[in-house]
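These notes are about the structure you will find just below.
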Amino acid sequence: MQDSKSVGVVIPQFVQIDKPLQLKSGLSLDSYHLVYETYGQLNAARSNAVLICHALSGNHHVAGVYAENEKSIGWWDNMVGPGRPIDTNRFFVIGVNNLGGCHGSTGPASIDPRTGKHYGAGFPVVTVEDWVETQAQLAEHLRIEQFSAVVGGSLGGMQAMQWTLDNPEKVRHALVIAAAPKLTAQNIAFNDVARQAIMTDQEFYGGNFYAYDTLPRRGLRLARMLGHITYLSDDSMAAKFGRSLRNGELSFGFDVEFEIESYLRYQGDKFADLFDANSYLLMTKALDYFDPAAAYNGDLSAAFRVAKANFLVISFTSDWRFSPERSREIVKALLNNELNVSYAEITSSYGHDSFLMTTPCYHQLVRAYMDNISI
Amino acid sequence: MTDITVPSTIALRPDFAVIAEWINPGAKILDLGCGDGSLLRYLRDTRDVFGYGVEIDDDNLLGCFRNGINVIHNDLEAGLSSFASDSFDYVILSQTLQAVRHTEGIIQEILRVGKEGIISFPNFGYWKNRMQVISGHMPVSETLPYNWYDTPNIHLCTLDDFEALCQQCNARILERSVMSNHYRPVNFLPNLRGMLAFYRFESRG
């Protein structure tokens with residue numbers, strides 16, 4: 001293995017964008033701000049920039065740690081860093097928190113300048129297309145005319161795809177990992193149960209819980225527990241928890257008994273304190289709405305006709321949320337357009353979460369692909 | 001590109017040159033069971049082709065990435081449903097036919113996806129192989145380097161056998177090239193003296 005390490009201590013940056021943003025919904029925002037992080041150095045030709053798009057619960061903190069908290073390791077620290085597959089010795093890597101998020105970019109918990117109150121449930125529904133537009137504004141701010149690569153897993157992969165459709169000249173490579181060309185009815189159903197869990201929580205107050213100094217903690221917790229089940233595979237849950245009991249014996253009650261219950265509740269609790277309920281609703285809607293083929297009578301190949309980028313598409317064998325078949329739909333559309341595309345189906349038991357794991361074959365392929373990108 | 005450079009690959013893989021001879025410059029190519037992408041890379045560098053490899057093995061996939069070759073991770077046995085009909089100038093199956101389970105199926109798929117197909121394979125009728133069978137052993141030779149118990153090769157054939165299968169699959173043979181163990185062309189008694197066989201063919205329509 002090559003020597004690789006973390007990028008070390010990182011500091012988030014902010015950009016205020018005063019250019020009005022016309023959203024797909026028809027609504028608009030007069031101004032907004034984005035929080036982002038960068039790793040590595042932008043070269044003199046400004047040609048080595050890589051944009052990392054985050055998934056449902058991700059954020060701009062892709063790699064490195066914050067000085068004040070050594071446990072605050074970025075969510076893709078195993079992928080991005082000096083000597084890592086996305087090598088910050090070569091690339092200038094950018095992580096950005098999407099609009100509507102809850103980690104520093106303008107979102108439902110921000111103050112609406114028009115009312116002086118929290119946006120709350122009044123924050124407009126944002127789409128993958130809207131995010132790509134805001135990311136393009138960030139690129140303009142950083143004076144990056146073209147990305148070497150736009151990279152994302154899951155919902156992040158959808159943004160990488162959208163980049164190649166909306167800004168075909170501005171992205172040379174798109175790495176679309178554990179993604180899908182659109183959600184299935186089953187996917188949407190899971191998202192809606194998660195939303196219902198949040199919206200039926202009495203502490204939700206129609207999305208204006210900020211005014212009541214409370215959180216819809218129970219709903220968010222359930223939403224996360226449900227989501228988490230869909231990120232893992234049956235096999236990985238069996239391997240990690242099986243039917244193990246916390247206290248070694250059945251208690252014939254309804255408290256936590258099985259280890260899996262304990263794990264999910266812990267994950268749910270942790271998430272409920274960290275994530276904004278309105279942001280969660282927005283992120284799941286962006287997922288539901290993503291469907292680039294819709295404007296072409298469902299013809300994904302027609303949707304990709306404008307794309308010029310080179311593609312790397314990766315899926316994972318145990319991912320049942322966005323299965324390999326869904327990635328193959330993307331690959332087929334790219335092949336039909338005679339675009340440069342490589343596709344890898346990684347054997348992994350970690351389910352949808354595989355894209356975050358350090359599976360050697362997966363990381364070697366991403367490394368080899370990135371190494372071949374000329375800058 | 002008119003200036004054709006010959007990379008060092010050709011010294012190691014003289015069979016690539018036979019295939020390259022048949023490929024029109026700038027063609028669109030699908031290489032089935034492409035290994036580490038060496039052939040596609042060679043064709044890209046010498047014939048300016050655009051194309052994709054199809055490969056199932058993880059290590060080979062990595063080789064393709066390192067060679068800068070487009071590769072689709074796919075099991076040939078599952079068919080070529082990702083690829084549209086008549087979408088390639090040539091579909092190549094280089095020294096892989098003998099390891100394919102559904103031989104007829106793959107030939108049908110080559111005929112569907114490609115305007116022309118190119119298949120190369122080790123000739124089981126090669127005299128060295130025949131000698132070993134006569135002496136009572138399964139052959140081990142330059143192009144069949146495996147022992148019977150660890151070979152991936154399950155469908156070995158002779159030139160005559162392959163030509164009969166083409167007939168059966170409605171494939172018209174356009175060109176044939178046979179090479180000796182010294183990688184020289186064999187014209188006399190090819191089914192006995194030839195070690196490697198190359199065929200270019202198309203659908204009878």
Side-chain angles (χ1 to χ4, degrees), chain A residues 1-2 85 149 172-178 181 299-302 304 308-317 319 323-348 359-374, chain B residues 26-41 43-45 48-92 109-110 112-115:
Chain A
M1 279 307 287
Q2 279 152 277
R172 289 195 285 132
H173 295 265
L175 279 71
V176 179
I177 304 171
D299 183 350
L300 190 63
S301 298
F304 272 111
K308 292 184 172 162
N310 304 300
F311 285 80
L312 171 57
V313 180
I314 295 179
S315 70
F316 299 91
T317 51
D319 184 354
S323 69
E325 284 74 22
R326 312 308 314 284
S327 284
R328 276 192 233 115
E329 291 171 38
I330 299 166
V331 170
K332 192 169 183 175
L334 300 172
L335 288 171
N336 285 340
N337 284 291
E338 303 194 350
L339 291 161
N340 282 307
V341 50
S342 283
Y343 169 61
E345 203 168 296
I346 308 290
T347 303
S348 165
T359 306
C361 171
Y362 164 46
H363 274 207
Q364 280 169 2
L365 289 174
V366 173
R367 180 191 298 279
Y369 189 89
M370 292 302 294
D371 283 352
N372 262 338
I373 295 178
S374 50
Chain B
K28 188 182 169 195
I29 301 219
L30 185 64
D31 183 3
L32 305 177
C34 66
D36 68 359
S38 297
L39 174 61
L40 266 177
R41 184 178 171 163
L43 295 174
R44 184 191 65 193
D45 295 346
D48 196 25
V49 304
F50 170 77
Y52 308 92
V54 175
E55 181 55 50
I56 184 74
D57 179 74
D58 286 349
D59 291 336
N60 278 333
L61 211 62
L62 185 59
C64 289
F65 276 51
R66 290 185 175 147
N67 274 321
I69 292 300
N70 292 323
V71 62
I72 308 300
H73 198 180
N74 194 11
D75 183 2
L76 289 184
E77 307 287 2
L80 302 175
S81 59
S82 295
F83 301 96
S85 297
D86 278 323
S87 56
F88 289 88
D89 296 315
Y90 305 95
V91 179
I92 301 172
E109 278 291 79
I110 290 172
R112 177 183 70 81
V113 171
K115 295 183 181 77

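Chain naming here is simple, since letters A, B, ... match the order of the sequence lines and numbering starts at 1 in each. Only this structure's heavy atoms are used, side chains among them; waters, hydrogens and symmetry mates stay out.
To the nearest 0.5 Å, atom OG of residue S342(A) and atom NE2 of residue H73(B) are 11.5 Å apart. Taking CD of E345(A) as the reference point, atom CG of D58(B) lies at 10.0 Å (rounded to 0.5 Å). Distance check: N372(A) CG to N67(B) CG gives 8.5 Å after rounding to the nearest 0.5 Å. Separating the CD atom in Q364(A) from the CZ atom in R66(B) is a distance of 6.5 Å, to the nearest 0.5 Å.
Residue E329(A) does not touch chain B at all, counting heavy-atom pairs closer than 4.5 Å. Heavy atoms of L339(A) lying under 4.5 Å from chain B belong exclusively to its backbone.
When all heavy atoms are compared, the tightest approach of S82(B) to L335(A) is O-CD1, 3.7 Å. For L365(A) against L62(B), the heavy-atom pair with the smallest separation is CD2-CA, 3.6 Å.
No donor-acceptor pair under 3.5 Å is formed between the side chain of K28(B) and the backbone N or O of E338(A).
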**Study point:** Chi angles and distances behind the side chain to side chain contact (heavy atoms under 4.5 Å, CB included) call for I72(B), V331(A)
**Key:** CA-CA 8 Å; I72(B) 308 300; V331(A) 170; 3.9 Å; yes
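Looking only at heavy-atom pairs under 4.5 Å with chain A, the residue among L61(B), I69(B), N74(B) that has the most is L61(B).
Considering only heavy atoms from C-beta on, L312(A) comes within 4.5 Å of F65(B) through its side chain.
Applying the ring-ring contact (aromatic ring centres under 6.0 Å, His included) test to Y343(A) and every residue at least two apart in sequence or in another chain returns nothing.
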